[in-house]
Each structure stands twice: as C-alpha cells, then as structure tokens.
> 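One structure, pasted below without further comment.
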Amino acid sequence: MQEQADTGNRAASPDALVYAEGQSVRPADVRVAAMNLLARREHSLSELQTKLSRRFALPDMVASVLQELQRDNLQSDERYAESLLRQRLQRGYGPARIRQEMRQRGLDEAAITAAHAAVEPDWFAAAEEAFFRKFGGSAVALPVGDSSARDEEALDPVACREAQQAAFKEKARRLRFMQYRGFASEHFRHLLDE
C-alpha cells in the first residue's frame, strides 16, 4: 500500500514527469546527464539536444534544461566552435572542411564566423604543415638516377614520357589530398610547384 502512495506522489509532483516505462524523470536528472556530457568535452547545443533526446523522451524538459545551461554559460556554441576550430587546425584540416564539419554539428554561420575571427588561423602555414607532415620536403620531380641513365632517358622519349606521367600522377595525388583536407588551391599551389 505504501508503494502505491509513493508512486502516486511522484507522478503527481509537478517537477517529475513519468516515462513510458513507469520511471519518473526530473529536470535535475536531465541537467546531471547534460553536465556529465559537458564535463568530458564542449558540445554544441544541437549535439546535446540529440544525445539527451535519445536518453530522455521528454523534448520540452530537455529544451528547458538546455536553455538554463546556456543562460548559466555552461554551454556555449561560440566556445564550442573555437574549440573545434583549434582541434581541427591542429589535425591539419583546412577552412572548407572545418566549416563543413561545424555546420554538420549544428553551428550557425554567426558562431562559425566568430570562431574564425577569434582564432585567426593562418591557412597558408596550416597548409604547409599538413603538406610536409604527409609528404615530407620532397618536391614532385622527374626521378634522378646516375648520369648515364639520365642521358639514355633524354634520348628515349618513352622513358621520358613515363617519368613525366609518374610525376603528374604524384602531383595530382598531392593536390587531391590537400583538397580533401579542405584547403583552397591558393593555400598550397606553391607547394606543388617547388
């Protein structure tokens, strides 16, 4: 009889809502779960919303808790955007890839622009670092052997053409890598020509 009274009191409490499984959830439970996520790393509002919505089937409660966290400055999309920008910059990603990832994580253009203004990344230096980390200091050039081999290649147009094709393929591979990393051609074009 006592159990029924306790269950009835919890369900009647204005700050507790009943889960479909019969468990009651309070805003404090949602806040604790959000704080646990934020303790590990910064999260965007969209990420927190998604993660908490999977755990708690109460979208209104999740939204109100997230508003409180923003008001208390415990969650900030601007802070998250700066953190993500620095992390991706250290990993060797360029502006296009970083912007795309920020959009995918639910950040708006204002937060993305503010992060870029706050961090002020040097995309040319970042491109050079990514390029040299991947390819070292070697330039794309024709293979160099001993002098007798070079003289034969100069006379042999087939060998010369094959060497040029190999150099072109390597240059194209490096170009694709830098584009995949999100750098614009003006950031790395000089590295391919060296």
> Any side-chain heavy atom of Met35 within less than 4.5 Å of one from Arg31?
yes

> In this structure, is the centre-to-centre distance between the rings of Phe131 and Phe183 below 6.0 Å?
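So the answer is no for these two rings.
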
> Hydrophobic cluster membership, with links at side-chain heavy-atom distances under 4.5 Å among I/L/V/M/F/W/Y: are Val119 and Met102 in one?
yes

> So which atom in Ala34 and which in Leu48 form the shortest heavy-atom distance, rounded to 0.1 Å?
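For Ala34 versus Leu48, the nearest heavy atoms are O-CD2, 4.3 Å.
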
> What I'd like to find out is whether the side chain of His116 reaches to under 4.5 Å of the side chain of Thr113, using heavy atoms alone.
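Counting from C-beta outward, His116 and Thr113 never come under 4.5 Å.
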
> Which heavy atom of Val25 sits nearest to which heavy atom of Asp29, and what is that distance?
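Smallest interatomic distance, heavy atoms only, reads CA-OD2, 3.8 Å.
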
> Report the relative orientation of the aromatic rings in Phe177 and Phe135; use parallel for angles under 30°, tilted for 30 to 60°, perpendicular for over 60°.
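Phe177 vs Phe135 ring planes: perpendicular.
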
> With a 4.5 Å limit on heavy-atom distance, are the side chains of Arg88 and Glu101 in contact?
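Yes, close enough: below the 4.5 Å cut-off.
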
> Shortest non-hydrogen contact from Ala115 to Leu85?
O-CD2, 3.5 Å

> Can you tell if the side chain of Leu45 reaches within under 4.5 Å of the side chain of Leu69, non-hydrogen atoms only?
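Sidechains of Leu69 and Leu45: no contact.
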
> Quick one: does Phe188's side chain get under 4.5 Å of Gln179's, heavy atoms only?
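Contact flag for Phe188/Gln179 side chains = yes.
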
> Same cluster for Leu89 and Phe132 if Ile/Leu/Val/Met/Phe/Trp/Tyr side chains link at under 4.5 Å?
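Yes.
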
> Could you label the plane-to-plane angle of the His190 and Phe124 rings as parallel, tilted or perpendicular, counting under 30° as parallel and over 60° as perpendicular?
tilted

> Between Asn73 and Gln75, is there a side-chain donor-acceptor contact under 3.5 Å, judged purely by atom types and distance?
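No - no donor-acceptor pair under 3.5 Å links their side chains.
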
> Kindly compute the distance separating CG (Leu58) from CG (Leu52), expressed to the nearest 0.5 Å.
11.0 Å

> Decide yes or no for Arg79 and Glu82: does some side-chain heavy atom of the first lie under 4.5 Å from some side-chain heavy atom of the second?
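No; the side chains remain at least 4.5 Å from each other.
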
> Could you walk me through whether Arg41 and Glu47 pass the salt bridge (charged side-chain N to carboxylate O under 4.0 Å, His left out) check?
CA-CA 12 Å; Arg41 69 170 177 86; Glu47 282 181 320; 3.4 Å; yes

> Strictly distance-based, threshold 3.5 Å: is any side-chain N or O of Arg105 a donor or acceptor partner for the main-chain N or O of Ser46?
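No, Arg105 side chain to Ser46 backbone: no donor-acceptor pair under 3.5 Å.
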
